[in-house]
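The structure presented is a predicted model; accordingly, all values stated were derived computationally and were not measured. Remember, it's 1-based here, ligands and their atoms both numbered in the order they're listed.
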Amino acid sequence: MGVVVVAAGSGSRLGASLPKAFVPLAGRPMLAWALETVAALPGLRSLVVVVPEALADPSLPPWSAVSLPVGAHVVAGGAERTESVAAGLAALDPGCDVVLVHDAARCLTPVAVFERVVAAVRAGADGVVPGLAVVDTVKTVDADGVVTGTPERTTLRAVQTPQGFPREVLLAAHASGMVATDDAALVERTGHRVVVVDGDPMGFKVTTPEDLERAERLAGGPRALGGGSPGATSGRSAGLTSSP
Ligand SMILES: Nc1ccn([C@@H]2O[C@H](COP(=O)(O)OP(=O)(O)OP(=O)(O)O)[C@@H](O)[C@H]2O)c(=O)n1
Ligand SMILES: C[C@](O)(CO)[C@H](O)COP(=O)(O)O
């Protein structure tokens with residue numbers, strides 16, 4: 001299994017002085033929290049971390065509080081998330097059968113979510129996304145803000161990362177040259193069947209300063225107690241393994 005952690009965004013909505021993934025959460029960069037969980041995954045063979053070009057050297061100061069797993073690669077991302085994922089895929093060990101793509105900004109995602117996604121890919125899915133039921137009624141609107149429709153809420157899911165795929169399926173989807181806000185959309189558009197597994201409220205994306213405050217409150221909570229939190233259900237691994 002291979003994992004691409006995308007951390008190349010600037011974080012314009014967060015408005016910090018550092019690229020978002022390097023902004024501290026309870027004293028450690030968000031990227032450090034995300035990598036701690038990924039490093040604990042059983043069967044991790046290849047890990048690529050995609051960061052802004054200016055930070056693609058892990059000896060630079062913002063990396064000092066990030067524990068980069070042994071064998072992990074760091075590459076520069078692009079202007080769009082899709083480009084950053086493609087850069088990560090290009091650096092991933094080609095021997096990986098399953099690939100997960102994860103947002104560093106979803107830094108508190110529990111390891112159990114990763115495990116559900118991997119299990120569903122290994123069970124034969126072309127694409128797997130963690131999702132949560134939507135609690136608000138959602139409207140579609142036109143450019144003037146006029147409502148054009150109200151999708152049936154029971155058919156909607158708010159999807160998170162990690163998103164998982166057989167490597168060849170994801171590579172072909174990215175080779176299409178299409179751009180989308182998530183990887184599953186590319187896989188859907190190339191004619192594949194994507195399924196949803198249970199996401200987790202802790203998998204929220206840190207986007208705004210309010211999200212960071214929420215993450216700060218949560219980071220010292222259930223995680224510290226080891227329940228339903230990142231790293232809670234798997235043992236730690238110091239480096240990468242040789243299984244696919
Ligand atoms: N060109 C980009 C844009 C985003 N990302 C990553 O994709 C994830 C989701 O993106 P988002 O939360 O929107 O991050 P930003 O693009 O940094 O946020 P903003 O839109 O506020 O600038 C993040 O982990 C981010 O680092 C990336 O690797 N490369
Ligand atoms: C991939 C994603 O996190 C799934 O919800 C989301 O689409 C990323 O969007 P962003 O605009 O790059 O934050």
Does this structure show an ion pair linking R153 with D136, if we count only N-O contacts that are shorter than 4.0 Å? no
Quick note on ligand 1: atoms under 4.0 Å from a heavy atom of A79 include exactly 1 (N)
If we number the atoms of ligand 1 from 1 as shown, the ones under 4.0 Å from a heavy atom of G78 are 1 (N), 2 (C)
When distances are taken from atom 8 (C) of ligand 1, the protein heavy atom at minimum range is D103 OD1, 3.3 Å
Distance-only polar pair, side chains of E210 and T208, donor-acceptor under 3.5 Å = yes
Ligand 1 atoms nearer than 4.0 angstrom to some heavy atom of S12 are 19 (P), 20 (O), 21 (O), 22 (O)
Quick look: S84 vs ligand 1, heavy-atom contacts under 4.0 Å, and the answer is side chain
Counting from 1 in the order shown, the ligand 1 atoms closer than 4.0 Å to a non-hydrogen atom of K205 are 9 (C), 12 (O), 13 (O)
For K20, the ligand 1 atoms with a heavy-atom partner under 4.0 Å come out as 11 (P), 12 (O), 14 (O), 18 (O)
- Query: Under 4.0 Å between a Lys/Arg side-chain N and an Asp/Glu carboxylate O for D211 and R13?
  - Reply: no
Proximity flag A21 to ligand 1, non-hydrogen atoms under 4.0 Å: no
Q. Going by distance only, is there an N or O of V6 that falls short of 3.5 Å from an N or O of ligand 1?
A. yes
Which of K205, R81, K20 passes side-chain hydrogen bond (donor to acceptor under 3.5 Å, both in side chains) with D103? Answer is R81
In the complex you have, is atom 17 (O) of ligand 1 within reach of the protein, judged by whether a heavy-atom distance drops under 4.0 Å? yes
For A105, the atoms of ligand 1 under 4.0 Å from one of its heavy atoms are 12 (O), 23 (C), 24 (O)
Residues with a heavy atom under 4.0 Å from ligand 2, by chain and number, are R13, R81, D103, R106, V159, T161, T181, D182, K205
Can you see whether E152 engages T154 through a side-chain donor-acceptor pair at a distance of less than 3.5 angstrom?
yes
Exercise. Answer with yes or no whether G77 contacts ligand 1, where contact means a heavy atom under 4.0 Å from a ligand atom.
Key: no
